[in-house]
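Throughout, protein chains are lettered first and strands after them, A, B, ... in sequence-line order, and every chain is numbered starting at 1. No experiment lies behind these values; they were computed from the predicted model shown.
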Amino acid sequence: MTWVPTPYRVVARTVETHDSATLTLRPVAESLPGFRPGQFAMLYAHGVGEVPISISAIPGDGTLVHTIRAVGAVSRALHDAEPGTVIGARGPFGTAWQLDGVEDLLVVAGGIGLAPLRPVLGHLSKRTVLIAGARTPQDLLYKDELGQLSSVDTVLTVDHGDHDWHGRVGFVTEPLASLPFDPERTTALLCGPEPMMRFCARTLLGRGLAPDRIQVSLERNMQCGIGVCGHCQLGPLLLCRDGPVTGYPTARPLLSAKEL
Amino acid sequence: MTIPMADLDTLPLLTNLSHTQRAAVAGVSRIESYDSGTRLFEEGGLADQCWVVLSGCVVVDTVVPSRGRVAVQSIGPGELLGWSWLVPPYRWHFGATVVSPTRAAVVDTGALRQLADEDPAFGYQLSLILIDALLNRLQATRLRLLDLYGNPA
Amino acid sequence: MASQVFDLSGLDALIGVLRADGRVVVGPLLRDDAITLAEVKSATDLPSGWGVEIGPGHYRVRRRTDTAVFGHSAGPQSWKRFLHPPHRTLMSSDSSGFHAVQDDTPDYAFLGVRACDLAAIGKLRQITGGRAPFVVAAQCTEPGEVCFCTSMGCGPAAGPGYDIALTERIDEQGQRFLATSGTAEGAAVLARVPAREAVPEDIALAEQDVDAAARNMGRAMPELDLRDLLAAGRDSAHWEAVAERCLTCGNCTMVCPTCFCVSVEDHTDLDGNAERAQRWASCFEIDFSYLHGGAVRTSGAARYRQWMTHKLGTWHDQFGTSGCVGCGRCIAWCPAGIDITEEAAVLSQTMKHGGDRR
């Protein structure tokens, strides 16, 4: 039954920022099939509702790891779930980051957009550059962990710095514009607010990267996860089924249309 | 003085200059290394240089009462630091501090302006490069104004 | 497939056979001054002698001069309400866990399914799944004023998917139905209905009536690639023009036999038990496209564009077919009388004249 969630118990809760927390979920009995980076689960808080949340780590032991930002009633309830709480999960849903044949990897994330990209970092023996943006240093996810990823060159940038901040102040498009990379070898993965992805993609095209070497993760109102509720339409796409990860050639005309 | 030709050749910023034009820029430039904390210029000071950061990071700041120096913009590898030398009265609008060990090409902007005046073709290419860099900075600033990562709830 | 002919008593016998097999037979029924769909227990429940008068924003039942039972075109309801009910519980949650909801959908037999609606059932079930109903189609011999199934390739002859197809005819030989089975199950049911073998003339007359209906359509979609038109017309100024008339009431989506969108809602009781349920939703609702922070499609123009583009265009991308069957319900039940065929025609005209962009 696709509508009935599988029960998972919160076994760990890590506070990431003032509004985001990472939950580690262990199946109460049965577990869901394996997730691939970029895919999402529908997480259910008893009596409150269900929201789509990307998988933010894949430990491979049957646990689910999700970073949840409290932006509404349901995400608040999930964000606040203490260890021991049972929540429901359905999935895996949607498309994954296409990593087959990837050589150099360029990962650009904004805000909570880093969560769906985290499973990609450090799990490939490829040269990986990460550019991550956030509102303030306190809003940056996974700060300690990112510092320890030796295989990833990381550039962190914030809109507003403070006295303790020694990273960059600015927008992710700036390091992107001057970063040395080989357009013939590089694949770019973008996840964040739509304007951020549009501008990043344009910067990358300007640097000679072919559109089909750019992947983006898109978001619309997802309620069913299985392409039957109609809410997540973006032009020809049902994003819960045809997304969230799509190639930029597909996304480009859709991102530039108003109120689509 | 080091002629930083090899460094300048690798910069995406200058790819639209011919080799000869890059050599001209190199001719009025030198490579400098700075420790963290080095103050490069102060608000109101004479703007007679600009920097192309090769590695490290510099922060542009301004003073806000009760908050001290507030960072408004970082300049990282491959990026240009300093515009105020372009137009009169050639005074810095902001200050700048090195925040991590930084290596940069320092350009004598008086000499650079003279080169541009003498060779309009070079001057035009230089203007395009500066406008491109300015546009990137302006767009990034506008995107920050959107407060895209702000909590919508 | 073998064909046979029976009269109203034969039709009654057919209903009896279907009911005897445990099916709930749903068919047309006159109620509240409209031809609705509800359980029929005998042929006498059918709206004998009732027709309809339909136009943009207009629907009236009228007395016919004959006793035809299928002499009316699409009404306010469609078979969607049985295959994809307006409200359905999805699961329940309590302290012992999450529970599936028992499917209490009866074994339906649909009687008098028009060609357009037969196509709609196929398109809807492709998305929503569920048990297949037994379908007794009624081929269309008298299309209504807002019908355009021919131009959508969905009628008036019943396409694939029926178990039995009926063609009603009333002439000097009386009222009778030519019945043709489309499946083995249909043939087995028909074998239990008293009837005479069809002769070539019965079949020729039925074909002639249905062919005539194809030439009598009230409307037609413009003959062009609608998918291309809608894709190219995304930025047309025409959407603003429609929005000036559209009330964004969502009637078109409710009466559409293929509009499948649902919203999922949570209900809790004071004992701490919770239920998740879906209800019909409309892309005309502001919150339909809600993302944290606000709705994506707030203007009426964007919402009408979404509905029409999805129905005629992007449905192809998503499901490999058009979402429109040409039943005309959205035209009849639009309080502003907006006509999807006319809007498609105007859009194609504006595109021809340089595709004025907003």
Asks: Under a 3.5 Å distance rule, please check whether H46(A) uses its side chain to pair with a backbone N or O of G272(C) as donor and acceptor.
Replies: yes
Asks: Could you pull out the closest heavy-atom pair between R297(C) and L260(A), with the gap in Å?
Replies: NH1-C, 3.3 Å
Asks: Given that the side chain runs from C-beta out, which part of V28(A) has a heavy atom under 4.5 Å from chain C: side chain, backbone, both or neither?
Replies: neither
Asks: Which atom names give the shortest non-hydrogen contact between W3(A) and M91(C), and what distance separates them?
Replies: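 Smallest interatomic distance, heavy atoms only, reads O-CG, 3.8 Å.
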Asks: Looking only at heavy atoms, what is the nearest atom pair of H292(C) and V71(A), with distance?
Replies: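 In this case the closest contact between H292(C) and V71(A) is CB-CG2, 3.7 Å.
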Asks: Heavy-atom distance under 4.5 Å to chain C: side chain of L237(A), backbone, both or neither?
Replies: backbone
Asks: Using a cut-off of under 4.5 Å on heavy-atom pairs, state which of E275(C), Q278(C), H310(C) scores highest against chain A.
Replies: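 With the most close heavy-atom pairs to chain A, the winner is H310(C).
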Asks: Could you state the interatomic distance from CD (Q233(A)) to OG (S289(C)), rounded to the nearest 0.5 Å?
Replies: 11.0 Å
Asks: Is there a side-chain contact between Q318(C) and P236(A) (heavy atoms, below 4.5 Å)?
Replies: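 No, side chains not in contact.
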Asks: So for I87(A), is it side chain, backbone, both, or neither that comes closer than 4.5 Å to the heavy atoms of chain C?
Replies: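 Contact with chain C involves the backbone of I87(A) alone.
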Asks: Can you tell which part of T6(A) gets under 4.5 Å to a heavy atom of chain C, answering side chain, backbone, both or neither?
Replies: backbone
Asks: Looking only at heavy atoms and a cut-off of under 4.5 Å, which of L291(C), D287(C), T268(C) has the most pairs with chain A?
Replies: L291(C)
Asks: Is it the backbone or the side chain of H99(C) that comes under 4.5 Å from a heavy atom of chain A, or both, or neither?
Replies: backbone
Asks: Short question: side chain of N221(A), backbone of Y290(C) - any donor-acceptor pair under 3.5 Å?
Replies: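 Pair found, side chain donor or acceptor close to backbone of Y290(C).
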Asks: Sort D269(C) into side chain, backbone, both or neither according to what part of it lies under 4.5 angstrom from a heavy atom of chain A.
Replies: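 No part of D269(C) comes within 4.5 Å of chain A.
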Asks: Who among G227(A), G49(A), C224(A) has the most heavy-atom pairs with chain C under 4.5 Å?
Replies: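 Heavy-atom pair counts peak at G49(A).
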Asks: Main chain of T298(C), side chain of E259(A): is a donor-acceptor contact present, judged purely on distance under 3.5 Å?
Replies: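 Yes.
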Asks: Which answer fits A281(C), side chain, backbone, both or neither, if we ask what part of it has an atom under 4.5 Å from a heavy atom of chain A?
Replies: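 The side chain, not the backbone.
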Asks: Could you tell me which residues satisfy side-chain contact (heavy atoms from CB on, under 4.5 Å) with T105(C), sequence neighbours excluded, listed by chain and number?
Replies: D103(C), Y108(C), R131(C)
Asks: Please set out all donor-acceptor pairs under 3.5 angstrom arising from side-chain atoms of residues 255-266 of chain C, sequence neighbours excluded.
Replies:
{"from": "T258(C)", "atom 1": "OG1", "to": "K311(C)", "atom 2": "NZ", "distance (Å)": "2.8"}
{"from": "T258(C)", "atom 1": "OG1", "to": "G323(C)", "atom 2": "O", "distance (Å)": "2.6"}
{"from": "S263(C)", "atom 1": "OG", "to": "H231(A)", "atom 2": "NE2", "distance (Å)": "3.0"}
{"from": "E265(C)", "atom 1": "OE2", "to": "R279(C)", "atom 2": "NE", "distance (Å)": "2.7"}
{"from": "D266(C)", "atom 1": "OD1", "to": "R276(C)", "atom 2": "NH2", "distance (Å)": "3.2"}
{"from": "D266(C)", "atom 1": "OD2", "to": "R276(C)", "atom 2": "NE", "distance (Å)": "2.9"}

Asks: If you count heavy-atom pairs under 4.5 Å with chain C, which of G230(A), C229(A), G88(A) comes out on top?
Replies: C229(A)
Asks: Against chain A, label T309(C) side chain, backbone, both or neither, depending on which of its atoms sit under 4.5 Å from a heavy atom there.
Replies: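 For T309(C), there is no contact with chain A at all, as no heavy atom is under 4.5 Å.
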Asks: Quick one: which of V48(A), V51(A), V86(A) has the most heavy-atom pairs under 4.5 Å with chain C, could you say?
Replies: V48(A)
Asks: Identify which part of Q306(C) has an atom lying under 4.5 Å from any heavy atom of chain A, answering side chain, backbone, both or neither.
Replies: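 Q306(C) touches chain A through side-chain heavy atoms alone.
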Asks: If you count the non-hydrogen atoms of other residues, nucleotides and ligands that lie under 6.0 Å from CZ in R245(C), is the total more than 12?
Replies: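 Yes, CZ of R245(C) has more than 12 neighbouring heavy atoms, counting only those of other groups under 6.0 Å.
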Asks: From I127(C) CD1 over to I226(A) CD1, what is the distance, rounded to the nearest 0.5 angstrom?
Replies: 12.0 Å
Asks: Is the shortest side-chain heavy-atom distance between F98(C) and R90(A) below 4.5 Å?
Replies: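 Of all side-chain heavy-atom pairs linking R90(A) with F98(C), none is under 4.5 Å.
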Asks: For residues A274(C) and G47(A), report the shortest heavy-atom separation together with the two atoms involved.
Replies: CB-CA, 3.5 Å
Asks: If every non-hydrogen atom of A257(A) is compared with every non-hydrogen atom of R234(C), which pair is closest and at what distance?
Replies: CB-CD, 3.6 Å
Asks: Under the 6.0 Å and 45° cation-pi test, does R220(A) pair with F288(C)?
Replies: no
